[in-house]
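We number each residue from 1, following the sequence as shown.
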Amino acid sequence: VQLQASGGGLVQTGGSLRLSCAASGFTLDNRVIGWFRQAPGKEREGVSCISSSGGSTYSADSVKGRFTISRDNAKNTVYLQMNSLKPEDTAVYYCAAVRRLFYSDYITMDSRQYDYWGQGTLVTVSS
């Protein structure tokens, strides 16, 4: 069981990146998926999450209107499109999955409910 986050890199303020979260060894179908980030010297924070159906999403106020989470169950992948990036978005971004299966629009940004975590991908936004 493994989650692989990718797509991070160095980008200038105002730029865009798309992060991908791919799963191996298990399916992301019917699972709540979340993106979290941790900046240097700061606690991990929830960024965005998506329900198993994709019908419900949540984004933190700090990224609302700039970041969009989506999923492609056929590719077993979840994405985080990040636009209008700011230096304060600089962090290691992690994707995570809830082990329990949900057949609803349930979502959660409570990291304690996430069982599987990827290794993280670094996003650096230069000013």
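Going from atom CZ of F67 over to atom OG of S16 covers 9.5 Å, rounded to the nearest 0.5 Å. Taking CG of L122 as the start and CG of L10 as the end, the distance is 9.0 Å to the nearest 0.5 Å. Annotation: the span from S51 atom OG to N30 atom CG amounts to 10.5 Å, rounded to 0.5 Å. Distance check: N83 CG to T68 OG1 gives 6.5 Å after rounding to the nearest 0.5 Å. Note that the SG atom of C21 and the CD1 atom of I69 stand 8.5 Å from one another [nearest 0.5 Å].
Considering all non-hydrogen atoms of both residues, V32 and Y106 come closest at CG2-O, 3.3 Å. Of all heavy-atom pairs between T90 and A39, the closest is O-CB, 3.5 Å. Minimum interatomic distance between Q4 and Q119 (heavy atoms only, all atoms of both residues): NE2-NE2, 3.1 Å. For A96 against F36, the heavy-atom pair with the smallest separation is CB-CE1, 4.1 Å. Closest heavy-atom contact between I50 and I107: C-CG2, 3.7 Å. For the pair W117 and S111, the tightest heavy-atom approach, listed with the atom from each and the gap, is CZ2-O, 3.7 Å.
At a threshold of 4.5 Å between non-hydrogen side-chain atoms, the residues V125 and Q12 do not count as touching. T108 is not listed as a side-chain neighbour of Y58, based on a closest heavy-atom distance of 4.5 Å or more. Annotation: side chain of L3 is in contact with side chain of L28 (closest heavy-atom distance under 4.5 Å). Between P87 and T13 there is a side-chain heavy-atom pair separated by less than 4.5 Å. By the 4.5 Å heavy-atom criterion applied to side chains, Y93 and M82 are counted as neighbours. In this structure, Y79 and L19 have side chains that are not in contact, with every pair of non-hydrogen atoms separated by 4.5 Å or more. R37 has its side chain within reach of S62: a pair of non-hydrogen atoms, C-beta onward, lies under 4.5 Å apart.
For T77 and D72, the side-chain atoms include no donor-acceptor pair closer than 3.5 Å. For S59 and S48, the side-chain atoms include at least one donor-acceptor pair closer than 3.5 Å.
Of the possible donor and acceptor atoms, one in the side chain of T121 sits under 3.5 Å from a partner among the backbone N and O of G8. Within the 3.5 Å criterion, the main-chain N or O of A97 finds no donor-acceptor partner in the side chain of R31. Remark: side-chain polar atoms of R71 are not paired, donor with acceptor, to backbone N or O of V78 under 3.5 angstrom. No donor-acceptor distance shorter than 3.5 angstrom exists from the side chain of S104 to the backbone of F102, with no hydrogens or angles considered. Remark: side-chain polar atoms of N73 are not paired, donor with acceptor, to backbone N or O of T27 under 3.5 angstrom.
Between D89 and K86, none of the side-chain N atoms (NZ, or NE/NH1/NH2) sits under 4.0 Å from a carboxylate O, so this pair counts as no salt bridge. Using a 4.0 Å cut-off between a side-chain N of Lys or Arg and a carboxylate O of Asp or Glu, D115 and R100 do not qualify as a salt bridge.
With sequence neighbours excluded, no residue satisfies side chain to side chain donor-acceptor pair (under 3.5 Å) with S52. Applying the salt bridge (Lys or Arg N to Asp or Glu O under 4.0 Å) criterion to R44, with sequence neighbours excluded, gives no partner residue.
Taken together through direct or relayed side-chain contacts under 4.5 Å among Ile, Leu, Val, Met, Phe, Trp and Tyr, V63 and Y94 form parts of separate hydrophobic clusters. Cluster annotation: L101 and F26 are assigned to distinct hydrophobic clusters (Ile/Leu/Val/Met/Phe/Trp/Tyr, side-chain heavy-atom contacts under 4.5 Å, transitive). Following chains of ILVMFWY side-chain contacts shorter than 4.5 Å, one can reach V123 starting from I33, so the two form part of one hydrophobic cluster.
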Problem set entry | Residues T124, V11; criterion side chain to side chain contact (heavy atoms under 4.5 Å, CB included); working and verdict | CA-CA 6 Å; T124 303; V11 65; over 6 Å; no
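Shown here is K75, whose NZ atom has no more than 12 heavy atoms of other residues, nucleotides or ligands within 6.0 Å.
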